[in-house]
Amino acid sequence: MDSTLSEEVAHDFSPLLRIYKDGHVERLAGNDIVPPGLDHNTQVQSKDVIYLQEENLSSRLYLPRNAINSDKKLPLLVYYHGGGFCIETAFSPLFHKHLNNLVAEANIIAVSAEYRRSPENPLPIGYEDSWSALKWVASHVNGNGPEEWLNSYADFGKVFLGGDSAGGNVAHHMGIKNGKGKLLGVNIIGIALVHPYFWGKEPIGNEAKDSEKRFLAEALWHLACPTTSGCDDPWINPLVDPDLGKLGCSKILVMVAEKDLLRDRGWHYYYKLKESGWKGLVEIMESKDEDHVFHLQNPSTENALAVVKRLASFINENAA
């Protein structure tokens, strides 16, 4: 192979990643990782556990320290990280801090699932990995699974799914899959979609005003899922999915940010879900004067803390 190909950019998705003509991927963001352990600010403990041995895929588990000497089972959150399906990991400082804060605020146990990323592993591989993580979690329902924290502390009658951006997209599709074939012994009460990465062929709301961001959103989708039928593929536009009304949970929380390009998609999802025939309750929260995943970038602001508190209350409303 011509060595100059390793230096020539084939596709530039700055500020996220670049793909070179020789096929290698340079990720420009989301490369940092932090180890698990005791977070002294929140007193939440974490550890990494392999859930899919053949692919060496892990989840990061989070447990409030005060749960260790308690007999009380805790609500369980299975969380999927964002990053356009292409960058970030479950071990990123952004998600590690967010999960520590949320687990402490809500007093829950959480599983933050890693999945293989595009473009090296194009969708639907990431969805398949995410379902494998959920099935691994479900293998603990009888108290004899491979991970003791889940055996001892998780209440499988109070399970929630969540995710931001691409992870919100993933969480939605895990809810659809659960609705079409429920996981035995697992009661998924609710799903929290934070600034979910949904899209569509025709612009809605303010999308037409920002052609540069719109181009990136569409190009990133085609990069992540090269076999897609386009931007009205049900994977990226759930509103064209005939199974929308089959979501396997009893409530949905959609969170949007006022300045986020994806804001109008979140509102559209909220309205269309209410019309879909789905029997659950859908709620929405908008953060004023904020942009996409602001709560991860600046977690100590008033609006970011409000996101964590709303997520915690969403979980605990049915946790008594």
Side-chain angles (χ1 to χ4, degrees), residues 77 79-84 88 94-95 97-99 101-102 105-106 160-175 189-200 202-214 216-218 220-221 231 236-241 244 247 249-276 278 280-318:
L77 170 68
Y79 189 87
Y80 299 103
H81 71 83
E88 298 289 0
L94 296 179
F95 298 106
K97 186 173 184 64
H98 178 58
L99 268 296
N101 291 339
L102 180 55
E105 179 69 30
F160 294 80
L161 307 181
D164 67 279
S165 195
N169 176 303
V170 171
H172 162 81
H173 286 293
M174 296 306 99
I189 293 175
I191 304 176
L193 310 178
V194 184
H195 311 167
Y197 181 20
F198 298 143
W199 204 242
E202 298 299 328
I204 62 171
N206 291 317
E207 291 171 358
K209 297 179 181 178
D210 197 329
S211 58
E212 186 175 330
K213 284 186 178 179
R214 182 172 174 82
L216 181 59
E218 294 181 0
L220 197 61
W221 170 245
C231 289
I236 193 66
N237 186 356
L239 305 187
V240 302
D241 186 353
L244 179 62
L247 269 166
C249 62
S250 58
K251 63 177 186 173
I252 293 280
L253 172 63
V254 184
M255 306 186 92
V256 298
E258 184 181 21
K259 296 181 178 180
D260 185 5
L261 181 69
L262 301 179
R263 169 194 180 270
D264 295 316
R265 293 286 163 182
W267 274 103
H268 209 41
Y269 176 93
Y270 166 77
Y271 288 122
K272 292 296 184 181
L273 186 56
K274 294 174 79 170
E275 300 168 2
S276 69
W278 180 63
L281 172 68
V282 56
E283 310 165 54
I284 193 163
M285 171 184 172
E286 179 167 323
S287 299
K288 301 297 182 183
D289 300 317
E290 300 289 3
D291 212 330
H292 192 61
V293 298
F294 73 93
H295 63 295
L296 300 177
Q297 303 291 341
N298 298 292
S300 60
T301 66
E302 183 178 349
N303 281 350
L305 294 173
V307 167
V308 172
K309 287 183 179 298
R310 185 67 189 91
L311 288 168
S313 66
F314 177 72
I315 294 170
N316 285 313
E317 281 162 358
N318 285 3

**Asked** How many angstroms lie between NE2 in His81 and CG in Leu99, if you round to the nearest 0.5 Å?
**Response** 11.0 Å

**Message:** Between Gln297 and Phe294 (side chain of the first, backbone of the second, donor and acceptor by atom type, cut-off under 3.5 Å), is there such a pair?
**Reply:** no

**Request:** Might you work through the side-chain contact (heavy atoms from CB on, under 4.5 Å) test for Lys213 and His292, ending with a clear yes or no?
**Result:** CA-CA 12 Å; Lys213 284 186 178 179; His292 192 61; over 6 Å; no

**Message:** Looking at Arg263 and Glu286, is there a salt bridge between them, counting it only when a charged N and a carboxylate O are closer than 4.0 Å?
**Reply:** yes

**Message:** Can you confirm whether Glu290 sits close enough to His195 that some side-chain heavy atom of one is under 4.5 Å from a side-chain heavy atom of the other?
**Reply:** no

**Item:** Pairwise side-chain contact, Ile189 with Lys251, heavy-atom cut-off 4.5 Å (strictly under)
**Value:** yes

**Asked** Are any non-hydrogen side-chain atoms of Leu244 and Tyr269 less than 4.5 angstrom apart?
**Response** yes

**Asked** Looking at CD1 of Ile191 and CG of Leu253, how far apart are the two atoms once the value is rounded to the nearest 0.5 Å?
**Response** 11.0 Å

**Request:** Say whether Asn169 and Tyr80, considering side chains only, have a donor N or O and an acceptor N or O under 3.5 Å apart.
**Result:** no

**Asked** Can you tell if the side chain of Tyr79 reaches within under 4.5 Å of the side chain of Asp164, non-hydrogen atoms only?
**Response** yes

**Request:** Can you see which heavy atom on Leu311 is nearest to which on Ala192, and at what distance?
**Result:** CD2-CB, 3.6 Å

**Message:** Pair Leu262, Trp199 - check side-chain contact (heavy atoms from CB on, under 4.5 Å), show working.
**Reply:** CA-CA 8 Å; Leu262 301 179; Trp199 204 242; 3.7 Å; yes

**Item:** Point-to-point distance, once rounded to the nearest 0.5 Å, from SG of Cys231 to CD1 of Ile236
**Value:** 7.5 Å

**Prompt:** Ignoring hydrogens and geometry, is there a side-chain-to-backbone donor-acceptor pair from Glu258 to Asp289 under 3.5 Å?
**Reply:** yes

**Message:** Regarding Glu202 and Arg214, does a basic nitrogen lie under 4.0 Å from an acidic carboxylate oxygen?
**Reply:** no

**Asked** Do you know which two heavy atoms are closest between Gly84 and Ala166, and how far apart they sit?
**Response** N-CB, 3.7 Å

**Item:** CG-CH2 distance between Leu216 and Trp221, expressed to the nearest 0.5 angstrom
**Value:** 14.5 Å

**Asked** So, Tyr197 side chain and Ala217 main chain: donor-acceptor pair closer than 3.5 Å or not?
**Response** yes

**Request:** Take atom CD of Glu212 as the centre, draw a 6.0 Å sphere, and report whether it contains more than 12 heavy atoms from other residues, nucleotides or ligands.
**Result:** no

**Request:** Grab the two heavy atoms, one from His268 and one from Leu239, that are nearest each other, plus how far apart they are.
**Result:** CD2-CD1, 3.2 Å

**Separation of Asp291 CG from Asn298 CG (nearest 0.5 Å)** = 11.0 Å

**Item:** Side-chain heavy atoms of Leu247 within contact of Leu273, under 4.5 Å
**Value:** yes

**Shortest non-hydrogen contact from Leu102 toward Val308** = CD1-O, 3.8 Å

**Message:** For the aromatic rings, using the six-membered ring if either is Trp, is the centroid distance between Phe198 and His172 under 6.0 Å?
**Reply:** yes

**Request:** Quick one: closest heavy-atom pair of Lys288 and Asn303, and the distance?
**Result:** O-ND2, 3.2 Å

**Prompt:** What's the spacing between Met285 CE and Ser313 OG if we round to 0.5 Å?
**Reply:** 8.5 Å

**Item:** Plane angle bin for Phe160 and Phe314 - parallel if under 30°, tilted between 30 and 60°, otherwise perpendicular
**Value:** perpendicular

**Asked** Nearest heavy-atom pair of His295 and Val194: which atoms, and what distance?
**Response** CE1-CG1, 3.5 Å

**Prompt:** Do Ile204 and Arg265 pass the side-chain contact (heavy atoms from CB on, under 4.5 Å) test, and can you show the C-alpha distance, the side-chain angles, and the key distance before you say yes or no?
**Reply:** CA-CA 8 Å; Ile204 62 171; Arg265 293 286 163 182; 3.8 Å; yes

**Prompt:** Taking it one step at a time, do Cys249 and Leu161 satisfy side-chain contact (heavy atoms from CB on, under 4.5 Å)?
**Reply:** CA-CA 9 Å; Cys249 62; Leu161 307 181; over 6 Å; no

